Amino acid sequence: VTRKDLEKIVDPVIAASKVQLKRTRMRVHHLTGTNVIELFVQVDPQKTIAEIHALTDDLTHRLKSAPEIDDVRIFVDINAD
């Protein structure tokens with residue numbers, strides 16, 4: 001599975017989120033036959049920590065449901081503009 005293949009999986013999942021999320025960066029690690037995604041997202045700064053936590057949990061669950069993705073790490077990018 002290539003990075004482009006994984007982007008084709010990740011981007012529609014982000015776009016389908018209940019609130020607007022913006023992918024600022026994505027890293028892909030192919031480790032011993034597994035695909036690990038590190039995803040940096042920008043969220044509405046008005047969201048509470050609890051709301052952001054719920055959003056990232058939901059996004060993680062939806063991304064891990066794809067058979068090509070074995071693990072997901074999401075980072076909230078507070079410095080992106």
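Here the structure is a predicted model, which is why all the values come from computation and not from measurement.
In this structure, NE2 in His61 is found 10.5 Å from CG in Leu63, a value given to the nearest 0.5 Å. With rounding to the nearest 0.5 Å, the separation of CD1 in Ile74 from CG in Leu39 is 5.5 Å. Here the straight-line distance linking atom CZ of Phe75 with atom CZ of Arg27 works out to 7.5 Å at 0.5 Å rounding. Atom CD1 of residue Ile14 and atom CG of residue Leu21 lie 7.0 Å apart, to the nearest 0.5 angstrom. Separation of atoms CE (Met26) and CD (Glu7) is listed at 4.5 Å; rounding is to 0.5 Å.
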Yes or no on side chain to side chain donor-acceptor pair (under 3.5 Å) for His30 and Asn35, after CA distance, side-chain angles and deciding distance? CA-CA 5 Å; His30 303 285; Asn35 295 310; 2.6 Å; yes

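Between Ser17 and Leu55, every side-chain heavy-atom pair lies at or beyond the 4.5 Å cut-off.
Val10 and Phe40 are not part of a single hydrophobic cluster, where members link through side-chain heavy atoms under 4.5 Å apart. Both Val13 and Val41 are members of a single hydrophobic cluster when ILVMFWY side chains are connected at heavy-atom separations under 4.5 Å.
The neighbour count for His53 NE2, taken as heavy atoms of other residues, nucleotides or ligands under 6.0 Å away, does not exceed 12.
If you chain together ILVMFWY residues whose side-chain heavy atoms come under 4.5 Å of each other, Val36 ends up grouped with Leu31.
Residues satisfying the side-chain contact (heavy atoms from CB on, under 4.5 Å) criterion with Ala66, sequence neighbours excluded, are Ile9, Glu68, Ile69. Looking at residues two or more places apart in sequence or on another chain, you find a side-chain contact (heavy atoms from CB on, under 4.5 Å) between Lys47 and Val19, Asp44, Glu51, Ile52.
Between the side chains of Arg73 and Thr60, not a single donor N or O lies within less than 3.5 Å of an accepting N or O.
The heavy-atom pair separating Arg3 from Val28 by the smallest distance is NH1-CG2, 3.9 Å.
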